[in-house]
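Data first, discussion second: the structure below is written as structure tokens.
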Amino acid sequence: MNYIKPCTRKINNLVTLTAPKPHIHVDASIVKTGFDPNTYRSNFLVNTFLQRGDLIGARKLFDEIPHKNIFSTNTMIMGYIKSGNHSEARTLFDSMFERTAVTWTMLIGGYAQNNRFREAFGLFVEMGRHGIGLDHVSLATLLSGFTEFDSVNEVKQVHANVVKLGYDSTLVVSNSLLDSYCKTRNLGLACRLFSDIPERNSVTFNALLTGYSKEGFNHEAINLFFKMQEVGYIPTEFTFAAILTAGIQLDDIEFGQQVHGFVVKCNFVWDVFVTNALLDFYSKHDRLVEARKLFYEMPEVDGISYNVLVTCYAWNGRMKESLELFRELQFTGFDRRQFPFATLLSIAAISFNLDMGRQIHSQAIVTDAISEILVGNSVVDMYAKCGKFEEANRVFADLAHQSSVAWTAMISAYVQKGLHEDGLKLFIEMQRAKINADAATYASTGYKPDSSCALHNVDEEVKVESLKYHSERIAIAFALISTPKGSPILVLKNLRACIDCHAAIKVISKIVDREITVRDTSRFHHFKDGFCSCRDYW
């Protein structure tokens, strides 16, 4: 709309003409562009209302504009997007007879910024069908919305359009594409793209660095960090946050201290984003003294700073200090939605403090933090641990996403209270709901993996994982899916069954309500209702 200001000046000039001529010869560019000074003034007023936050007043004035132009509607759509009312923005968008690339990009950006990448991508496809030319702004805007693992195919389609339109050499588009591959957990394509980018900047390095650290490629992240320094790029707050995340998983306190020194040298101690990352590093390395010292030396703190230290106190069994700091947090005026509700609920669960748990639950409801998976699971766990199964079941039933963590919390609570039958029934329901049980779930039912039965010289986690593939377990699993319900199962084994498989099969026989017989080199083991005929001796 570059013609607006010149046309306005021409109108003002015409108004100031004093010669009493019967006809005013309006400049041809005004007629040609269809410029209407009344519409221009109305658009200005609509924008003023929106800047004040008066969406209703802006819409009323917008509806009264007799000759709306594209700028009028774009202004109103952006107002709805900024207020979070995407449905009204889309309704207004759909009512337009003529749209520009700006109109499409605004709505795509609104969806992208609110994690609605499906709608954003659908609009992007529709934009192409309408023959609207894509530019680097619309492509980068769309790519900013890809955050989900299962959207990698859509990212590839956008990548194809980027190459087709010749924007693969545009750095802002390449950086956005690299970031999208990292966020959708496709580091292979991200690394390939990184090597193909002709000219990089610190944003390019930060995108891949963050991708490496989030996926646990910690050594690769650190090597990239050193390479970034070698080529002369100045680290930013995102650089330090990513490298400290990688350092957390390496269990190397000296590395974190070196990064801390580098942060001071680069004068980033004033940046609360960076100091929070340092605080988190010390906290997760069980360095309470260093974390507390850093917290009270930080030039600026926010709600996240408090959350980290509150959690650090709790992890170290310092419940009193944790609660005192939380009380201090409540008077800071920071966003209550970001309070460490999960940590406080775990304190209530451990101490069986039902009153405290209910108070925290109430605050989580008021702030809508209850909708977060971690907080919802913690509420279930708190009520279950406190023996309030009716309330735990009610919260559990209301969860938008019933993860294995919530199921395990319920099962574990039943078993710990001696209600083994109820715990096993819930475990069976979990299997019917097709929720994958993990090691914690099996442990809650009474089965705990015995890694001494894994003969390979590997990490503990790998040992536990390998136990799942012992031949008798695979045979029983095949029998369960290929034989009639309730029928007995017979497994013949040419080696002696290990202790871990013996314990697992006892639990399986109870869960599936089947008689399972395993013949190993020692004897027949008849499993029924969670017991074995050998009485755990063979």
Side-chain angles (χ1 to χ4, degrees), residues 380 384-385 387 389 392-393 396 402-456 460 463-538:
V380 172
K385 291 276 175 43
F389 294 108
N393 275 310
F396 177 73
Q402 295 178 342
S403 66
S404 62
V405 176
W407 285 90
T408 301
M410 292 293 297
I411 294 167
S412 177
Y414 276 124
V415 172
Q416 288 176 12
K417 296 294 182 181
L419 304 172
H420 299 280
E421 291 290 333
D422 293 316
L424 286 171
K425 285 179 182 177
L426 196 59
F427 182 85
I428 294 170
E429 286 182 32
M430 180 180 179
Q431 301 302 300
R432 288 173 180 165
K434 296 182 180 180
I435 304 295
N436 292 327
D438 55 18
T441 312
Y442 285 111
S444 69
T445 63
Y447 163 67
K448 185 178 181 181
D450 186 351
S451 61
S452 65
C453 298
L455 303 179
H456 299 290
E460 183 70 15
K463 285 183 178 181
V464 171
E465 181 69 18
S466 68
L467 294 172
K468 299 178 182 178
Y469 303 103
H470 283 196
S471 58
E472 54 267 54
R473 296 196 199 196
I474 295 174
I476 291 171
F478 178 75
L480 288 172
I481 64 174
S482 59
T483 58
K485 183 178 179 180
S487 61
I489 297 172
L490 173 63
V491 177
L492 303 179
K493 183 175 173 65
N494 61 352
L495 296 172
R496 191 175 185 185
C498 72
I499 298 172
D500 185 74
C501 285
H502 191 269
I505 297 170
K506 286 198 297 182
V507 174
I508 293 170
S509 70
K510 178 72 175 178
I511 293 169
V512 300
D513 193 24
R514 295 240 207 152
E515 290 186 32
I516 303 174
T517 302
V518 178
R519 172 69 169 94
D520 65 6
T521 55
S522 177
R523 59 172 50 85
F524 279 99
H525 296 271
H526 299 282
F527 298 93
K528 184 179 181 181
D529 296 327
F531 296 96
C532 180
S533 59
C534 74
R535 298 181 181 178
D536 298 335
Y537 177 81
W538 69 103

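- Here the CD1-NZ distance, from I411 to K425, works out to 14.0 Å after rounding to the nearest 0.5 Å.
- Nearest heavy atom pair, residue A384 against residue A392, reads N-CB, 3.8 Å.
- In this structure, the separation between CD1 on I508 and CD1 on I476 is 5.0 Å, given to the nearest 0.5 Å.
- Under the 30°/60° scheme for interplanar angles, the aromatic rings of F389 and Y414 are found to lie parallel.
- In this structure, S404 and M430 have side chains that are in contact, with non-hydrogen atoms separated by less than 4.5 Å.
- In this structure, H470 NE2 and C501 SG are separated by 5.5 Å, a value rounded to the nearest 0.5 Å.
- In this structure the side chain of L480 reaches within 4.5 angstrom of the side chain of R514, judged on heavy atoms.
- Rounding to the nearest 0.5 angstrom, the gap separating the OG atom in S533 from the NZ atom in K528 is 12.0 Å.
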Quiz item: Should I435 and Q402 be marked as a side-chain contact (heavy atoms from CB on, under 4.5 Å) after you check the CA-CA gap, both sets of side-chain angles, and the distance that decides it?
Solution: CA-CA 9 Å; I435 304 295; Q402 295 178 342; 5.8 Å; no
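- Panel note: side chain S509, backbone K506; a donor-acceptor pair is recorded below 3.5 Å.
- Here D422 contributes atom CG and F427 contributes atom CZ; the two are 15.5 Å apart, rounded to the nearest 0.5 Å.
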Self-check item: side-chain contact (heavy atoms from CB on, under 4.5 Å) evaluation trace for N393 with M410
Solution: CA-CA 8 Å; N393 275 310; M410 292 293 297; 3.1 Å; yes
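- When all heavy atoms of W407 and A433 are compared, the pair lying nearest together is CZ2-CB, 4.1 Å.
- The CG atom of L490 sits 9.0 Å away from the NE2 atom of H526 when rounded to the nearest 0.5 Å.
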